[in-house]
Amino acid sequence: MFNKRIKIKALLQNDATDYEATVMGWVRTFRNNQFIALNDGSTNNNLQVMAALGLLDETTLKRITTGACIKATGKVIASLGKGQKVELQATSIEILGDSDAEKFPLQPKKHSLEFLREIAHLRFRTNTFGAIFRVRHSLAFAIHKFYNDRGFVYMHTPIITGSDAEGAGEMFQVTTLPLDGTAPKNEDGTINFKDDFFGRSTNLTVSGQLEGELAAMAFSDIYTFGPTFRAENSNTTRHLAEFWMIEPEVAFADLEDNMNLAEDFIKYIIGYAMEHNKEDLEFLAQRLVEEEKAKPQNERSEMDLIEKLEFVVKNDFERITYTEAIEILRESNHNKKKKFQYLVEGWGIDLQSEHERYLVEKHFKKPVILTDYPKDIKAFYMRQNDDGKTVAAMDILAPGIGEIVGGSQREERMDKLLKRMEEMHIPAEELDWYLDTRRFGACPHAGFGLGFERLVLFVTGMTNIRDVIPFPRFPKSAAF
RNA sequence: UCCUCCUUAGCUCAGUUGGUUAGAGCAUCUGACUGUUAAUCAGAGGGUCGUCUGUUCAAAUCAGACAGGGGGAGCCA
């Protein structure tokens, strides 16, 4: 067996000394021809591997470059230097993989996030991205743990869908038909999909919700967690063309149950990361502090990253209706002094980013759940309230991110649902399978979607969504 | 898609009212030193100033188009 190594995290956590150990990892820096800072990704902390003078010949010494992969065996001893408790006094060092120092782009110095985005395939080897993606992993694991512990069934909804009527956004088409203009056409000039792979037009999913509702009508409580795709030409720090979404769907639940679930859920997974990724979060918090030093005093955050996360976990989210939110915005000094680009005047408008930011960051200074939006600015499947104007929708707005969750109680009454679909020009025949949930044993139910990357943004304190997914997909970009 | 800012060495950036041979720090290479912590010290190499087209005696510098990137907006998660 090749691998009898100890992971660097485990080695550093152990206070014992004077034992033999083998480690493997990638060289971060090599100082003084003697001191190798070795990292294997288990933690941001490097192990200092000490190669005594004379241990290695000249040729091998030159091959220990930043980025090279090495195997080192030796004795773990109390460090003579000041920066670390223990170090490995090497008795043998083997180069597993060379790294040409003239070509390897990462240096032992600060790199801009913009530069690292261009070399996303190597950025895992930096402290910042090491921390981000270990936190991302923990959050993903915590999501499964949260729902599993509560008896939810993890449902795999399709990635390729035959439905194009969900209305959640522009879709990517899936086809094996030739793209050179020779694809079969109907008489009216549109493409005839009869001979396509699936015998019909298909797309990449924009949401697993509709299929999720079907499963909830059997298992009571389900969740999905998978990739979703939007072909929107969105060029922002919080949109991706390929992103991961968590969508629980719960039978026998109303809007309040839905809000409670979402709030518990968010608090749980953040708490999990705080417990299991303390070092990484502290590193990211420090990174943020350094970054904010460049900003003027009044633009710096009041709380550091850890304090902010603690605050979210320990305090109740603010819950207000859309109507109340409009009132707060309309009466705000900000609005009266015309500081909004879009002034808040009447009921019925969709809230702009600046309005959401004001509510979350200035007025309440905590996550806010907005409920009961006008039905005309929300999706067809949301349950209509008795006032005839609003629907039982809820959005959770997070400081610095904006909308992180969108959800609703679903319209379980067939007649009302059909009428709404007709008003919104959604073809009922396309969604006949979905309507079966209302035909056979319909019940009050609710659910929401949480954008995973937006959550990772919030927890890591990063500001560009392209930095919290390994290989971001966005307009004009699908490298790697 | 819209608004706005940016593009000079591998990276991060200087570069004056247009003017002769475009600079620095880090990285790299060579050497020195050897308990270093983004090691230090000395030296060297490294540039089609994003691309194209104009204006001008003269363009990194001015203008336009295009490309790429940042930030903001819209669409949303």
Side-chain angles (χ1 to χ4, degrees), chain A residues 28-38 45-54 61-62 65-67 77-84 87 89 99-119 122 126-127 166-170 205-209 227-247 262 340-342 350-357 377-379 395-398 401-407 448-458 463-469 474-477 479:
Chain A
R28 285 287 174 84
T29 64
F30 184 31
R31 288 183 292 267
N32 226 350
N33 269 355
Q34 290 179 91
F35 304 100
I36 302 165
L38 195 69
N45 298 315
N46 300 323
L47 173 68
Q48 175 153 291
V49 176
M50 208 277 178
L53 293 172
L61 218 49
K62 286 225 184 310
T65 55
T66 301
I77 59 165
S79 179
L80 300 176
K82 280 181 185 151
Q84 56 282 317
E87 66 188 26
Q89 180 94 40
S99 173
D100 186 338
E102 287 194 64
K103 290 179 184 154
F104 188 63
L106 295 173
Q107 305 157 13
K109 63 170 255 187
K110 278 227 169 74
H111 288 293
S112 66
L113 294 172
E114 290 83 1
F115 171 65
L116 293 171
R117 242 167 254 155
E118 291 171 14
I119 49 165
L122 295 172
T126 63
N127 285 335
E166 293 169 37
E170 288 296 311
T205 184
V206 292
S207 161
Q209 182 200 314
T228 42
F229 308 86
R230 306 270 166 97
E232 307 280 355
N233 191 11
S234 298
N235 294 285
T236 78
T237 51
R238 52 190 190 284
H239 288 86
L240 290 165
E242 177 182 293
F243 65 99
W244 288 64
M245 189 153 63
I246 299 100
E247 295 178 286
F340 285 126
Q341 199 185 335
Y342 296 89
D350 208 350
L351 295 179
Q352 304 285 324
S353 286
E354 58 176 343
H355 303 143
E356 296 180 350
R357 287 191 104 97
I377 58 172
K378 287 290 178 184
D395 283 1
I396 301 185
L397 310 177
I401 314 288
E403 187 176 345
I404 195 165
V405 161
F448 61 86
L450 179 142
F452 186 48
E453 283 75 17
R454 290 192 179 171
L455 180 86
V456 181
L457 267 185
F458 184 74
T463 50
N464 190 320
I465 203 161
R466 296 168 189 181
D467 292 332
V468 299
I469 187 166
F474 51 94
K476 299 279 183 293
S477 178

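Everything numeric here is computed off the predicted structure, so don't read it as measured data. Protein chains get the first letters and strands the later ones, always in sequence-line order, with residue 1 at the start of each. Reckoned from all heavy atoms, side chains included, excluding hydrogens, waters and symmetry mates.
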Quiz item: Roughly how far apart, to the nearest Å, are B/C11 and B/A44 at atom P?
Solution: 23 Å
Quiz item: B/U1 phosphate, OP1 or OP2: any side-chain N/O from A/N233 under 4.0 angstrom?
Solution: yes
Exercise. Starting at atom CZ of A/F474, determine the distance to atom P of B/G74, rounded to an integer number of angstrom.
Key: 20 Å
Quiz item: What is the distance from CG of A/D100 to P of B/G10, rounded to the nearest Å?
Solution: 15 Å
Quiz item: Considering only heavy atoms from C-beta outward, does the side chain of A/L455 approach that of A/I404 to under 4.5 Å?
Solution: yes
Practice problem: Find the partner of B/C62: check Watson-Crick (N1-N3 plus N6-O4 or O6-N4) and G-U wobble (N1-O2, O6-N3) distances, both under 3.5 Å, and reply none if neither fits. | Solution: B/G54
Quiz prompt | Whole-Å distance separating the CD atom of A/E354 from the P atom of B/C3 | solution = 19 Å
Self-check item: Any donor-acceptor N/O pair under 3.5 Å between B/U36 base and A/Q48 side chain
Solution: yes
Exercise. Check whether any side-chain heavy atom of A/M50 sits under 4.5 Å from a side-chain heavy atom of A/L80, and report yes or no.
Key: no
Quiz item: Among B/C33, B/U28, B/A73, which nucleotide sits nearest the side chain of A/R238?
Solution: B/A73
Practice problem: Ignoring backbone atoms, establish whether A/Q341 has a side-chain N or O less than 4.0 Å from OP1 or OP2 of B/A73. | Solution: no
Exercise. Report the distance from atom NZ of A/K82 to atom P of B/U36, rounded to the nearest whole Å.
Key: 8 Å
Self-check item: Spacing of A/L53 atom CG relative to B/U36 atom P, expressed in whole Å
Solution: 13 Å
Quiz prompt | Same-atom distance (C1') from B/U21 to B/G10, integer angstrom | solution = 24 Å
Self-check item: Heavy-atom donor-acceptor pair, A/R454 side chain to A/E403 backbone, under 3.5 Å
Solution: yes
Quiz item: Within less than 4.0 Å of OP1 or OP2 of B/A39, is there a side-chain N or O belonging to A/R31?
Solution: yes
Quiz item: Which whole number of Å gives the distance between the C1' atom of B/C33 and that of B/G43?
Solution: 15 Å
Quiz item: Taking OP1 and OP2 of B/G71, is either one under 4.0 Å from a side-chain nitrogen or oxygen of A/N464?
Solution: yes
Quiz item: Out of B/G31, B/C26, B/A77, which nucleotide sits closest to the side chain of A/Q107?
Solution: B/C26
Practice problem: Provide the Watson-Crick or G-U wobble partner of B/G46, both distances under 3.5 Å; none if there is no partner. | Solution: none
Quiz prompt | Earlier contact from the 5' end, RNA chain B, for A/S353 and A/S79 | solution = A/S79
Quiz item: Looking at B/G74, B/C33, B/A77, which one has an atom nearest to any side-chain atom of A/N33?
Solution: B/C33
Exercise. Rounded to whole angstrom, note down the P distance from B/C26 over to B/A63.
Key: 35 Å
Quiz item: Of all the choices, B/U12, B/A73, B/G35, which nucleotide is nearest to the side chain of A/E87 once you look at every atom?
Solution: B/G35
Exercise. Using both distances under 3.5 Å as the test, list the Watson-Crick or G-U wobble partner of B/U37, or none.
Key: none
Quiz item: Do A/E354 side-chain atoms and A/Q341 backbone N/O form a donor-acceptor pair below 3.5 Å?
Solution: yes
Quiz item: Going through the distances and angles, do A/H355 and A/F340 end up as a ring pair (Phe, Tyr, Trp, His ring centres under 6.0 Å)?
Solution: CA-CA 8 Å; A/H355 303 143; A/F340 285 126; 4.8 Å; yes
Self-check item: Separation of B/C33 P from A/L61 CG (nearest whole Å)
Solution: 15 Å
Exercise. Would you sort out whether A/N235 and A/K476 count as a side-chain contact (heavy atoms from CB on, under 4.5 Å), showing the intermediate values?
Key: CA-CA 10 Å; A/N235 294 285; A/K476 299 279 183 293; over 6 Å; no
Quiz item: Between A/I469 and A/F452, is any pair of side-chain heavy atoms under 4.5 Å apart?
Solution: no
Quiz prompt | Short side-chain N/O contact to B/C76 OP1/OP2 from A/S234, under 4.0 Å | solution = no
Self-check item: Spacing between A/L397 atom CG and B/C76 atom C1', to the nearest angstrom
Solution: 12 Å
Exercise. Using a cut-off of strictly less than 4.0 Å, decide whether A/T236 has a side-chain nitrogen or oxygen near OP1 or OP2 of B/G74.
Key: no
Practice problem: Please work out if A/R117 contacts a base, only the sugar-phosphate, or nothing of the nucleic acid, heavy-atom cut-off 4.0 Å. | Solution: sugar-phosphate
Quiz item: When the C1' atoms of B/U12 and B/G74 are considered, how many whole Å apart are they?
Solution: 34 Å
Practice problem: Please check the phosphate of B/G69 (OP1 and OP2 only) for any side-chain N or O of A/R466 closer than 4.0 Å. | Solution: no
Practice problem: State the pairing partner of B/A14; accept Watson-Crick or G-U wobble contacts with both distances under 3.5 Å, and report none otherwise. | Solution: none
Quiz prompt | Nucleotide paired to B/G68 in any strand shown, Watson-Crick or G-U, under 3.5 Å | solution = B/C6
Practice problem: Using a cut-off of strictly less than 4.0 Å, decide whether A/T237 has a side-chain nitrogen or oxygen near OP1 or OP2 of B/G71. | Solution: no
Quiz item: Taking atom C1' of B/A27 as reference, at what distance in whole Å does atom NE2 of A/H111 sit?
Solution: 8 Å
Quiz prompt | No-H, no-angle donor-acceptor pair, A/E118 side chain to B/G69 base, under 3.5 Å | solution = no
Quiz item: Is there a side chain to side chain donor-acceptor pair (under 3.5 Å) between A/R31 and A/T29 once you walk through the steps?
Solution: CA-CA 6 Å; A/R31 288 183 292 267; A/T29 64; 3.2 Å; yes
Self-check item: B/A67 to B/C57 separation - P atoms, rounded to the nearest Å
Solution: 32 Å
Quiz item: Can you find an N or O donor on one side and an acceptor on the other, under 3.5 Å apart, linking the side chain of A/E114 with the base of B/U12?
Solution: no
Quiz item: Which nucleotide in the set B/A73, B/G31, B/A38 lies at the smallest distance from any side-chain heavy atom of A/K109?
Solution: B/A38
Quiz item: Do A/N235 and B/U1 share a donor-acceptor pair, side chain to base, under 3.5 Å?
Solution: yes
Practice problem: Determine the interatomic distance between C1' on B/U40 and the same-named atom on B/U51; round to the nearest Å. | Solution: 42 Å
Practice problem: Please measure how far the P atom in B/G68 lies from the corresponding atom in B/G47, and state the result in whole Å. | Solution: 26 Å
Quiz item: Paired with B/A27: which nucleotide, if any, by Watson-Crick or G-U wobble criteria at under 3.5 Å for both distances?
Solution: none
Practice problem: Measure the distance between the ring centre of A/F35 and the centre of the six-membered base ring of B/G35, then answer whether it is under 5.5 Å with planes under 30°. | Solution: no
